[in-house]
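One is the number of the first residue; the rest follow in order along the sequence. The figures here come from the full heavy-atom set of this structure, side chains too, leaving out hydrogens, waters and symmetry mates.
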Amino acid sequence: MRALKDEGVKTIFGYPGGSIMPVYDALFDYTRGEKKCFDHILVRHEQGATHAAEGYARVSGEVGVTLVTSGPGVTNTLTGIADAMLDSTPIVVIAGQVPITALGTDAFQEVDLVGLAQPISKWSYQIRRAEDVAWAVSRAFYIARTGRPGPVVLDFTKNAQVEEIDWEPCKVNFVRSYVPYPKLNEAAVREAAELINNAKRPLALVGQGVELGNAQEELKAFLEKADIPAGRTMLGLSALPSDHPLNVGMLGMHGNYAVNLKEQECDVLIAIGMRFSDRVTGNVNTYAKQAKIVHLDIDRSEIDKNVKTDVAVVADCKESLPALTALLNANRHTEWRESFRPLDEKERTKVIEPAIHPAEGPLLMGEVVNAVAEQAQDDAVLVTDVGQNQLFATRYFKYRHKRSICTSGGLGTMGYGMPAAIGATFAAPGRQVCCFMGDGGFQMCIQELGTIMEQKSPVKMILMNNHYLGNVRQWQDMFWLRRKSFTKMMNPCYELIAQGYGIPYVAVTDRSDLADAVRRMLTTDGPFILECAIKEEDNVLPMTPPGMNVDDMMLEI
């Protein structure tokens, strides 16, 4: 408890059990009375604890903390650990373990946690002695939060939990062979600046690295000085406000039409804190072959991993962006930026307007997201589950404030949304948290309604119910001869479920009721469930078919 306090921990998401009981007994005194310094949030499933810690970390910029027991308690966290690893989210998972005398005996609830977690974490370590606790905790937080952030796992043997020693604080700020912040190569910066200064059609690709590096203002200064249009990855959407004049939309398979096509026309492509995911590049063999590639990233392993780079600037973007901006010529690329407009208009006419302002028929996901976005506070946080709800929500929500999006990108974890939204409410209690979920993802984390009930966590839950695993159904229709193999869902009565948890609920089936229902949700104190009856075969467009070129994007099916 003292070690966690020294790291500035304020909130812990957890679930107790036998092998972590000594820690929970100590936690008792640190959550009440004069020694109180932590809030402990009792989740209903350990996977929910990790996703809540992720949501907390993504919105606050601090390290999220999860506390669980051994065996199934910690194996339940592995999905969240893998999710945090792929999305560079700093969390520390502390798990109980059997005593060292029982290790390797297949004792009750014993698993090799270090072995399980090592491939999906930044560091995993087994604490075997009480005198190592302060060092291990400090080292865990140092590794989790520095450089490219990520999850760290501590396997805490029970004997180390009950041994008594004299307390000696420890602060780790150096790990041999670990260089979290590479030294900026000034020659590479000069080379990158020369390419950008000579570019006629530059295009920036902005990723979550800008958010993780708290370099949002440095990004704006860079883009504005050289007049560079910028697309954003899904995880980087709130790194640049939606209404910024140089924002040209979302990259990727279901991103915006113009920016995806223009990746194949630009002469210099500047990737900032992004990893060239396959969902961004499409067919990597044909991706941006006409362009010189400048890649700014803190993680050297991302350089040339997916896309061959002409100039790599390996450093924290908080440092590399100002260094690069200082060498840029003030420029104007008016004609290049104007060339995006006809493509934007084409997407608006064919896709956006029909999606957010349909004339008739059942409710559509796009119009539900748009209705919430129009009434939400300027600094509202978007949280999504995974599937069509995620793709519609990220496309049509409005981002005006940094750290305004929580979604599972790399792992694509259904069941992420609700617990991540709980974590977001503790990270930013003054901000609205709007969580969009489909009926599939909602039921994967439905038990966390108990956490919301107990904590009165003010999550605004928008359930977009089409009685399908919608994204899989769309792919079945498009690529599998409309053979809907086990994607149709029989769903429960969500109104009765909401009543059971004491959470206000309203259902919308008619679009004439939508605006009032959204207003009621957003003005109600505490949590709220808004269920929307969605057209069963609503499809996410545009779309680049898997394995196709990025400019093969479809505006219609």
Side-chain angles (χ1 to χ4, degrees), residues 86-88 147-148 179-213 215 218-219 222-223 226 228-236 239-240 248 251-253 255 259-328 333 336 409-410 544 549-551:
L86 280 169
D87 285 351
S88 304
R148 181 179 183 174
V179 184
Y181 301 103
K183 181 175 171 53
L184 183 67
N185 185 327
E186 295 181 0
V189 174
R190 289 193 296 270
E191 192 175 348
E194 183 177 1
L195 281 177
I196 297 169
N197 283 332
N198 291 324
K200 303 298 182 186
R201 300 181 306 279
L203 178 62
L205 311 183
V206 177
Q208 190 195 194
V210 173
E211 295 265 60
L212 296 174
E218 289 81 358
L219 172 69
F222 166 78
L223 297 174
I228 300 173
R232 303 157 299 160
T233 67
M234 182 180 286
L235 296 187
L240 188 68
V248 290
L251 303 162
M253 178 179 280
V259 67
N260 277 276
L261 267 62
K262 291 298 181 178
E263 287 177 280
Q264 303 294 71
E265 295 181 25
C266 66
D267 57 1
V268 176
L269 195 67
I270 310 113
I272 308 168
M274 55 88 72
R275 58 187 178 87
F276 287 112
S277 158
D278 59 294
R279 286 296 173 103
V280 167
T281 64
N283 180 3
V284 73
N285 294 317
T286 61
Y287 179 73
K289 292 301 180 184
Q290 80 293 339
K292 296 290 186 182
I293 308 292
V294 177
H295 195 174
L296 280 63
D297 205 285
I298 198 169
D299 186 353
R300 191 177 300 277
S301 71
E302 291 295 345
I303 305 300
D304 296 333
K305 186 175 80 175
N306 297 327
V307 171
K308 178 64 178 174
T309 300
D310 292 283
V311 180
V313 181
V314 182
D316 188 345
C317 59
K318 185 82 170 176
E319 181 183 10
S320 60
L321 279 173
L324 187 53
T325 303
L327 299 180
L328 292 184
H333 296 288
W336 166 238
T544 302
N549 303 334
V550 71
D551 52 347

What residues form a side-chain contact (heavy atoms from CB on, under 4.5 Å) with [X], not counting sequence neighbours?
| X | answer |
| --- | --- |
| Leu184 | Val189, Val313, Ala315, Glu319, Ser320, Ala323 |
| Glu194 | Asn198 |
| Asn549 | Asn283, Thr286, Asp551, Asp552 |
| Asp278 | none |

Interatomic spacing from [atom1] in [X] to [atom2] in [Y] - rounded to 0.5 Å:
| X | Y | atom1 | atom2 | result |
| --- | --- | --- | --- | --- |
| Thr544 | Asn260 | OG1 | CG | 5.0 Å |
| Met274 | Met234 | CE | CE | 13.0 Å |
| Arg279 | Met253 | CZ | CE | 4.0 Å |
| Leu203 | Leu269 | CG | CG | 5.5 Å |
| Thr309 | Asp304 | OG1 | CG | 4.5 Å |
| Asn306 | Ser277 | CG | OG | 8.0 Å |

Q: Keeping to residues at least two apart or across chains, list the ring-ring contact (aromatic ring centres under 6.0 Å, His included) pairs with something in residues 289-320.
A: Phe276-His295
Q | Sub-4.5 Å side-chain heavy-atom contact between Val280 and Glu263 | A | yes
Q | Pairwise side-chain contact, Asp297 with Val314, heavy-atom cut-off 4.5 Å (strictly under) | A |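 No; the side chains remain at least 4.5 Å from each other.
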Q. Yes or no on side-chain contact (heavy atoms from CB on, under 4.5 Å) for Leu327 and Ile196, after CA distance, side-chain angles and deciding distance?
A. CA-CA 10 Å; Leu327 299 180; Ile196 297 169; over 6 Å; no
Least distance between heavy atoms, [X] atom then [Y] atom:
| X | Y | result |
| --- | --- | --- |
| Ala192 | Val294 | CB-CG1, 3.7 Å |
| Pro322 | Glu218 | CG-CG, 3.6 Å |
| Val248 | Pro229 | CG1-CB, 3.8 Å |
| Ala312 | Ile303 | CB-CG2, 3.6 Å |
| Ala291 | Val268 | CB-N, 4.3 Å |

Could you tell me whether the side chain of [X] and the main chain of [Y] form a donor-acceptor pair under 3.5 Å?
| X | Y | answer |
| --- | --- | --- |
| Arg148 | Ile298 | no |
| Thr233 | Gly236 | yes |
| Asp267 | Lys200 | yes |
| Asp310 | Leu195 | no |
| Gln290 | Cys266 | yes |

Q) Given Arg201 and Glu265, is the salt bridge (charged side-chain N to carboxylate O under 4.0 Å, His left out) satisfied, shown in steps? A) CA-CA 8 Å; Arg201 300 181 306 279; Glu265 295 181 25; 5.9 Å; no
Q. Does the side-chain contact (heavy atoms from CB on, under 4.5 Å) test come out yes or no for Val259 and Leu261, once each step is laid out?
A. CA-CA 5 Å; Val259 67; Leu261 267 62; over 6 Å; no
Q: With side-chain contact (heavy atoms from CB on, under 4.5 Å) as the test, would you mind laying out the steps for Gln264 and Val550 before giving the verdict?
A: CA-CA 8 Å; Gln264 303 294 71; Val550 71; 3.3 Å; yes
Can you list, pair by pair, the side-chain donor-acceptor contacts under 3.5 Å of residues 204-212, counting residues two or more places apart and other chains?
unit_1: Gln208; atom_1: OE1; unit_2: Arg58; atom_2: NE; d: 3.4
unit_1: Gln208; atom_1: NE2; unit_2: Asp87; atom_2: O; d: 3.0
unit_1: Glu211; atom_1: OE1; unit_2: Gln216; atom_2: NE2; d: 2.6
unit_1: Glu211; atom_1: OE1; unit_2: Arg403; atom_2: N; d: 3.3
unit_1: Glu211; atom_1: OE2; unit_2: Ser238; atom_2: OG; d: 2.3
unit_1: Glu211; atom_1: OE2; unit_2: Arg403; atom_2: N; d: 3.1

Q: From the options Thr325, Ile228, Leu321, select the one residue that forms a side-chain contact (heavy atoms from CB on, under 4.5 Å) with Leu223.
A: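 Filter result, single survivor: Ile228.
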Q) Has Lys305 got more than 12 heavy atoms of other residues, nucleotides or ligands less than 6.0 Å from its NZ? A)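 Above 12, so yes.
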Q) When you look at NZ of Lys318, are more than 12 heavy atoms from neighbouring residues, nucleotides or ligands closer to it than 6.0 Å? A)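 More than 12 within 6.0 Å, yes.
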